[in-house]
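Comments concern the structure below.
Basis for what follows: all heavy atoms, side chains included, without hydrogens, waters or symmetry-related copies.
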Amino acid sequence: MTREDVRINLASWEADSERYQRENRPQLNRWDRLGWGVWDILEDEIHALGDVGNLDALELGCGASQFGIKVAMRGAKVRGLDFSANQLAQAGPNMEETGVRFPLVRASAEELPFADEVFDLVFCDHGAPSFADPDAYVPEVARVLRPGGRFVFNRNTPFISVAWGDDDQPPGRELRRSYFDLGRVEWHDGDDVSVEYQRPYGEWIRLFQANGFTIEDLIELRAPSDASTTYTSYASQEWARDFPAEHIWKVRKA
(Lines give C-alpha, C1' and ligand atoms only; values in the text may rest on other atoms or scores of the structure.)
Protein backbone atom coordinates (compact mmCIF):
# COMPACT_ATOMS: atom_id res chain seq x y z
CA MET A 1 0.00 0.00 0.00
CA THR A 2 1.34 3.44 -0.95
CA ARG A 3 1.91 5.64 2.07
CA GLU A 4 -0.39 8.61 2.61
CA ASP A 5 2.48 11.11 2.28
CA VAL A 6 3.24 9.79 -1.21
CA ARG A 7 -0.40 10.27 -2.18
CA ILE A 8 -0.39 13.82 -0.77
CA ASN A 9 2.72 14.83 -2.73
CA LEU A 10 1.46 13.13 -5.86
CA ALA A 11 -1.79 15.10 -5.73
CA SER A 12 0.17 18.33 -5.19
CA TRP A 13 2.44 17.77 -8.20
CA GLU A 14 -0.35 16.63 -10.49
CA ALA A 15 -2.18 19.87 -9.73
CA ASP A 16 0.85 22.16 -9.86
CA SER A 17 2.92 20.74 -12.70
CA GLU A 18 1.65 23.03 -15.47
CA ARG A 19 2.19 26.21 -13.43
CA TYR A 20 5.61 25.06 -12.21
CA GLN A 21 6.86 24.28 -15.71
CA ARG A 22 5.45 27.49 -17.19
CA GLU A 23 6.98 29.76 -14.56
CA ASN A 24 10.39 28.07 -14.47
CA ARG A 25 10.85 27.09 -18.12
CA PRO A 26 13.15 30.07 -18.87
CA GLN A 27 15.61 28.68 -16.33
CA LEU A 28 15.00 24.93 -16.61
CA ASN A 29 15.10 24.81 -20.41
CA ARG A 30 18.50 26.40 -20.92
CA TRP A 31 20.09 23.63 -22.96
CA ASP A 32 23.43 25.42 -23.25
CA ARG A 33 24.32 24.91 -19.57
CA LEU A 34 24.08 22.33 -16.81
CA GLY A 35 23.29 24.29 -13.68
CA TRP A 36 22.35 23.24 -10.16
CA GLY A 37 19.58 24.54 -7.97
CA VAL A 38 17.60 27.70 -7.59
CA TRP A 39 20.54 29.85 -8.74
CA ASP A 40 21.56 27.63 -11.68
CA ILE A 41 25.15 27.24 -10.44
CA LEU A 42 27.26 25.67 -13.16
CA GLU A 43 28.35 22.05 -12.90
CA ASP A 44 31.57 23.06 -14.64
CA GLU A 45 32.38 25.28 -11.65
CA ILE A 46 31.53 22.91 -8.79
CA HIS A 47 32.14 19.48 -10.40
CA ALA A 48 29.45 17.68 -8.44
CA LEU A 49 28.89 15.01 -11.11
CA GLY A 50 32.24 15.02 -12.84
CA ASP A 51 32.69 12.82 -15.91
CA VAL A 52 29.45 10.95 -16.60
CA GLY A 53 30.44 9.50 -19.98
CA ASN A 54 28.86 6.08 -20.63
CA LEU A 55 27.55 5.73 -17.06
CA ASP A 56 24.24 3.95 -16.44
CA ALA A 57 22.41 6.73 -14.60
CA LEU A 58 19.04 7.24 -12.92
CA GLU A 59 17.47 10.65 -12.32
CA LEU A 60 15.51 10.28 -9.08
CA GLY A 61 12.53 12.57 -9.55
CA CYS A 62 13.09 13.80 -13.08
CA GLY A 63 9.99 15.99 -13.56
CA ALA A 64 10.00 17.11 -17.19
CA SER A 65 13.54 15.71 -17.60
CA GLN A 66 15.40 18.98 -18.22
CA PHE A 67 18.28 18.14 -15.88
CA GLY A 68 18.47 14.55 -17.10
CA ILE A 69 18.57 15.70 -20.72
CA LYS A 70 21.56 17.90 -19.95
CA VAL A 71 23.32 15.02 -18.17
CA ALA A 72 22.59 12.77 -21.16
CA MET A 73 24.12 15.43 -23.42
CA ARG A 74 27.35 14.79 -21.50
CA GLY A 75 27.36 11.11 -22.38
CA ALA A 76 25.43 9.37 -19.59
CA LYS A 77 22.91 6.63 -20.39
CA VAL A 78 20.03 8.13 -18.42
CA ARG A 79 16.74 6.76 -17.23
CA GLY A 80 14.25 9.09 -15.58
CA LEU A 81 11.85 8.29 -12.76
CA ASP A 82 9.01 10.39 -11.39
CA PHE A 83 5.67 9.66 -9.74
CA SER A 84 3.79 12.54 -11.40
CA ALA A 85 2.16 11.66 -14.70
CA ASN A 86 1.67 15.36 -15.47
CA GLN A 87 5.35 16.08 -14.94
CA LEU A 88 6.43 13.14 -17.11
CA ALA A 89 3.99 14.18 -19.86
CA GLN A 90 5.89 17.44 -20.22
CA ALA A 91 9.18 15.63 -20.84
CA GLY A 92 8.13 14.65 -24.36
CA PRO A 93 8.28 18.17 -25.84
CA ASN A 94 11.68 18.73 -24.20
CA MET A 95 13.04 15.55 -25.75
CA GLU A 96 11.55 16.53 -29.09
CA GLU A 97 13.16 19.98 -28.87
CA THR A 98 16.63 18.68 -27.97
CA GLY A 99 16.67 15.38 -29.83
CA VAL A 100 17.76 13.66 -26.61
CA ARG A 101 15.59 10.70 -25.62
CA PHE A 102 15.76 8.17 -22.82
CA PRO A 103 13.32 5.86 -20.99
CA LEU A 104 10.96 7.32 -18.38
CA VAL A 105 9.39 5.33 -15.56
CA ARG A 106 6.46 6.36 -13.42
CA ALA A 107 7.10 5.13 -9.88
CA SER A 108 7.88 6.23 -6.33
CA ALA A 109 11.47 6.79 -5.25
CA GLU A 110 10.63 4.84 -2.11
CA GLU A 111 9.96 1.65 -4.13
CA LEU A 112 12.30 1.65 -7.12
CA PRO A 113 11.17 -0.77 -9.86
CA PHE A 114 14.70 -1.83 -10.80
CA ALA A 115 16.88 -4.86 -10.13
CA ASP A 116 19.79 -4.72 -7.72
CA GLU A 117 23.08 -3.09 -8.79
CA VAL A 118 22.10 -1.77 -12.23
CA PHE A 119 23.24 1.88 -12.03
CA ASP A 120 26.60 3.61 -11.76
CA LEU A 121 25.04 6.94 -10.80
CA VAL A 122 21.80 8.11 -9.17
CA PHE A 123 21.36 11.87 -9.31
CA CYS A 124 18.82 14.67 -9.06
CA ASP A 125 18.48 18.39 -8.58
CA HIS A 126 15.64 19.03 -6.10
CA GLY A 127 13.98 15.82 -7.19
CA ALA A 128 12.48 13.04 -5.11
CA PRO A 129 14.87 13.54 -2.12
CA SER A 130 13.12 16.84 -1.44
CA PHE A 131 9.79 15.10 -0.81
CA ALA A 132 10.31 11.38 -0.14
CA ASP A 133 11.25 9.78 3.17
CA PRO A 134 15.04 9.33 3.41
CA ASP A 135 14.57 6.20 5.52
CA ALA A 136 12.84 4.67 2.49
CA TYR A 137 14.71 6.04 -0.54
CA VAL A 138 18.32 5.93 0.71
CA PRO A 139 18.23 2.11 1.13
CA GLU A 140 16.57 1.83 -2.29
CA VAL A 141 19.28 3.92 -3.93
CA ALA A 142 21.94 1.79 -2.23
CA ARG A 143 20.23 -1.34 -3.55
CA VAL A 144 20.15 -0.28 -7.23
CA LEU A 145 23.69 1.14 -7.29
CA ARG A 146 26.64 -1.01 -8.28
CA PRO A 147 29.58 -1.18 -5.86
CA GLY A 148 31.47 2.08 -6.23
CA GLY A 149 28.40 3.81 -7.67
CA ARG A 150 27.57 7.36 -6.64
CA PHE A 151 24.49 9.12 -5.30
CA VAL A 152 24.68 12.86 -6.04
CA PHE A 153 21.70 15.03 -5.15
CA ASN A 154 20.83 18.62 -4.40
CA ARG A 155 18.15 19.66 -1.93
CA ASN A 156 17.33 22.31 0.65
CA THR A 157 19.51 22.54 3.75
CA PRO A 158 18.67 22.32 7.45
CA PHE A 159 19.67 26.02 7.54
CA ILE A 160 16.75 27.10 5.40
CA SER A 161 14.44 24.60 7.09
CA VAL A 162 14.94 26.10 10.54
CA ALA A 163 14.69 29.67 9.18
CA TRP A 164 11.47 29.08 7.26
CA GLY A 165 9.17 28.41 10.20
CA ASP A 166 5.53 27.34 10.09
CA ASP A 167 3.94 30.14 8.05
CA ASP A 168 5.59 29.27 4.70
CA GLN A 169 7.09 32.74 4.34
CA PRO A 170 10.57 33.16 2.83
CA PRO A 171 13.36 32.56 5.35
CA GLY A 172 14.54 35.38 7.54
CA ARG A 173 17.55 35.83 9.79
CA GLU A 174 15.96 34.39 12.90
CA LEU A 175 15.61 30.71 13.80
CA ARG A 176 11.94 29.80 13.72
CA ARG A 177 11.94 26.00 13.95
CA SER A 178 13.71 23.46 16.14
CA TYR A 179 16.78 22.01 14.45
CA PHE A 180 16.58 18.84 16.55
CA ASP A 181 12.93 18.27 15.65
CA LEU A 182 13.46 18.37 11.89
CA GLY A 183 11.66 15.48 10.25
CA ARG A 184 8.30 15.41 8.53
CA VAL A 185 6.96 18.89 7.67
CA GLU A 186 3.57 19.50 6.11
CA TRP A 187 3.26 22.68 4.02
CA HIS A 188 -0.04 24.40 3.20
CA ASP A 189 -0.46 26.90 0.36
CA GLY A 190 -4.17 27.57 0.12
CA ASP A 191 -5.77 24.25 -0.79
CA ASP A 192 -2.45 22.74 -1.83
CA VAL A 193 -0.74 20.45 0.68
CA SER A 194 2.71 18.90 0.36
CA VAL A 195 5.01 16.96 2.67
CA GLU A 196 8.76 17.38 3.02
CA TYR A 197 11.34 15.42 5.00
CA GLN A 198 14.51 16.88 6.51
CA ARG A 199 17.23 15.69 8.89
CA PRO A 200 19.92 17.28 11.06
CA TYR A 201 23.37 16.82 9.57
CA GLY A 202 24.41 14.10 11.99
CA GLU A 203 21.35 12.03 11.14
CA TRP A 204 22.10 12.32 7.41
CA ILE A 205 25.65 11.08 7.99
CA ARG A 206 24.49 8.12 10.10
CA LEU A 207 21.81 7.23 7.54
CA PHE A 208 24.32 7.16 4.69
CA GLN A 209 26.79 5.08 6.71
CA ALA A 210 24.08 2.63 7.79
CA ASN A 211 23.32 1.96 4.13
CA GLY A 212 26.90 1.37 3.04
CA PHE A 213 27.75 4.82 1.70
CA THR A 214 30.95 6.77 2.22
CA ILE A 215 30.63 10.55 2.07
CA GLU A 216 32.84 12.20 -0.54
CA ASP A 217 31.68 15.80 -0.32
CA LEU A 218 28.97 18.19 0.77
CA ILE A 219 28.86 21.18 -1.58
CA GLU A 220 27.06 24.13 0.01
CA LEU A 221 25.72 26.33 -2.77
CA ARG A 222 26.10 30.10 -2.50
CA ALA A 223 24.06 32.36 -4.75
CA PRO A 224 26.36 34.28 -7.11
CA SER A 225 26.28 38.05 -6.71
CA ASP A 226 25.10 38.50 -10.30
CA ALA A 227 22.67 35.56 -10.44
CA SER A 228 18.97 35.66 -11.21
CA THR A 229 16.31 33.00 -10.71
CA THR A 230 12.75 32.16 -11.63
CA TYR A 231 12.26 30.66 -8.14
CA THR A 232 11.51 34.02 -6.57
CA SER A 233 9.62 32.68 -3.54
CA TYR A 234 12.42 30.39 -2.33
CA ALA A 235 14.95 32.70 -0.69
CA SER A 236 16.26 36.16 -1.44
CA GLN A 237 19.61 36.47 -3.15
CA GLU A 238 20.93 38.34 -0.10
CA TRP A 239 19.88 35.49 2.19
CA ALA A 240 21.32 32.83 -0.11
CA ARG A 241 24.67 34.63 -0.20
CA ASP A 242 24.93 34.66 3.60
CA PHE A 243 23.52 31.19 4.33
CA PRO A 244 23.45 27.91 2.38
CA ALA A 245 19.89 27.40 1.17
CA GLU A 246 20.85 24.33 -0.88
CA HIS A 247 23.56 21.73 -0.79
CA ILE A 248 24.70 18.77 -2.86
CA TRP A 249 25.49 15.50 -1.13
CA LYS A 250 28.06 13.31 -2.90
CA VAL A 251 28.15 9.78 -1.48
CA ARG A 252 29.58 6.55 -2.88
CA LYS A 253 28.51 2.95 -2.32
CA ALA A 254 31.39 1.13 -0.70
Side-chain angles (χ1 to χ4, degrees), residues 24 27-28 30 33-52 59-61 66-67 70-71 109 121-134 137-138 141 150-165 168-183 185 187 196-211 213-253:
N24 297 299
Q27 180 166 324
L28 293 173
R30 291 193 60 178
R33 56 188 286 146
L34 177 58
W36 287 92
V38 167
W39 302 97
D40 210 20
I41 297 173
L42 292 176
E43 161 66 17
D44 291 336
E45 294 178 356
I46 60 175
H47 307 290
L49 291 174
D51 182 9
V52 298
E59 185 176 10
L60 194 69
Q66 290 98 332
F67 197 84
K70 298 171 191 180
V71 174
L121 172 68
V122 176
F123 68 93
C124 65
D125 185 26
H126 284 281
S130 297
F131 303 98
D133 184 348
Y137 71 75
V138 171
V141 170
R150 294 178 296 133
F151 184 24
V152 182
F153 68 99
N154 181 31
R155 61 158 297 154
N156 61 325
T157 66
F159 275 94
I160 197 170
S161 294
V162 298
W164 216 300
D168 202 19
Q169 296 298 310
R173 291 179 176 269
E174 67 278 1
L175 302 181
R176 298 155 64 188
R177 180 185 297 277
S178 168
Y179 174 78
F180 292 107
D181 291 329
L182 291 173
V185 180
W187 299 105
E196 175 187 290
Y197 284 83
Q198 183 59 276
R199 296 286 190 275
Y201 284 105
E203 289 189 20
W204 279 112
I205 291 169
R206 288 186 287 274
L207 179 61
F208 292 135
Q209 291 176 334
N211 285 280
F213 286 109
T214 58
I215 297 168
E216 294 193 334
D217 204 354
L218 178 63
I219 303 172
E220 296 167 304
L221 298 181
R222 187 184 193 192
S225 59
D226 59 349
S228 61
T229 182
T230 58
Y231 295 88
T232 54
S233 63
Y234 188 69
S236 70
Q237 185 179 26
E238 180 185 12
W239 196 98
R241 283 193 57 74
D242 287 343
F243 309 101
E246 310 164 273
H247 58 202
I248 301 171
W249 284 103
K250 294 177 60 175
V251 300
R252 186 182 294 272
K253 183 175 177 179

[X] and [Y]: which non-hydrogen atoms are nearest, and at how many Å?
{"X": "Gly35", "Y": "Phe67", "answer": "O-CE1, 3.3 Å"}
{"X": "Ile160", "Y": "Ala235", "answer": "CD1-CB, 4.1 Å"}
{"X": "Lys250", "Y": "Val152", "answer": "CG-CG1, 4.1 Å"}
{"X": "Asn156", "Y": "His126", "answer": "N-CE1, 3.7 Å"}
{"X": "Arg155", "Y": "Pro129", "answer": "NH1-O, 2.6 Å"}
{"X": "Lys70", "Y": "Gln27", "answer": "NZ-O, 4.2 Å"}

Can you measure from CG (Leu34) to CG (Leu49) and round to the nearest 0.5 angstrom?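 The distance works out to 6.5 Å.
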For the OG atom of Ser130 and the CD atom of Glu246, what is their distance to the nearest 0.5 Å?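 The distance works out to 9.0 Å.
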For the residue pair [X] and [Y], establish whether any side-chain heavy-atom pair is separated by less than 4.5 Å.
{"X": "Asp40", "Y": "Arg33", "result": "yes"}
{"X": "Ile248", "Y": "Leu218", "result": "no"}
{"X": "Pro171", "Y": "Arg176", "result": "no"}
{"X": "Lys253", "Y": "Asn211", "result": "no"}
{"X": "Val251", "Y": "Thr214", "result": "no"}
{"X": "Trp36", "Y": "Leu42", "result": "no"}

Do you know which of Ile46, Asn154, Ile219 makes side chain to side chain contact (heavy atoms under 4.5 Å, CB included) with Ile41?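 Of the listed options, the one satisfying the test is Ile46.
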Taking Gln66 as the fixed residue, which of Asp125, Val71, Leu28 is the one that meets the side chain to side chain contact (heavy atoms under 4.5 Å, CB included) rule?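 So the option named by the test is Leu28.
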Would you say CD of Glu238 has more than 12 non-hydrogen atoms from neighbouring residues, nucleotides or ligands within 6.0 angstrom?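 Not more than 12 within 6.0 Å, no.
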Could you walk me through whether His247 and Tyr201 pass the ring pair (Phe, Tyr, Trp, His ring centres under 6.0 Å) check? CA-CA 11 Å; His247 58 202; Tyr201 284 105; 5.6 Å; yes
Consider ring pair (Phe, Tyr, Trp, His ring centres under 6.0 Å). Of Phe213, Phe208, Phe123, which one does Trp249 pass it with?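 With Trp249 as partner, ring pair (Phe, Tyr, Trp, His ring centres under 6.0 Å) holds for just one option, Phe208.
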Aromatic contact between Tyr231 and Trp39, with the criterion being ring centroids under 6.0 Å apart: yes or no?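 Ring centres of Trp39 and Tyr231 not closer than 6.0 Å.
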In this structure, is the centre-to-centre distance between the rings of Tyr234 and Trp164 below 6.0 Å?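 Centroid distance Trp164-Tyr234: below 6.0 Å, so yes.
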Polar contact flag, side-chain donor to acceptor under 3.5 angstrom, Gln198-Trp204: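 Per modelled atom types, Gln198 and Trp204 side chains form a pair under 3.5 Å.
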Just say parallel, tilted or perpendicular for the rings of Tyr137 and Phe151, cut-offs at 30° and 60°.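 The rings of Tyr137 and Phe151 stand perpendicular, inter-plane angle above 60°.
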Walk me through it: do Asp217 and Arg252 pass the test salt bridge (Lys or Arg N to Asp or Glu O under 4.0 Å)? CA-CA 10 Å; Asp217 204 354; Arg252 186 182 294 272; over 6 Å; no
Less than 4.0 angstrom from a charged side-chain N to a carboxylate O is my criterion; do Arg173 and Asp242 meet it?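 So Arg173 pairs with Asp242 through a salt bridge.
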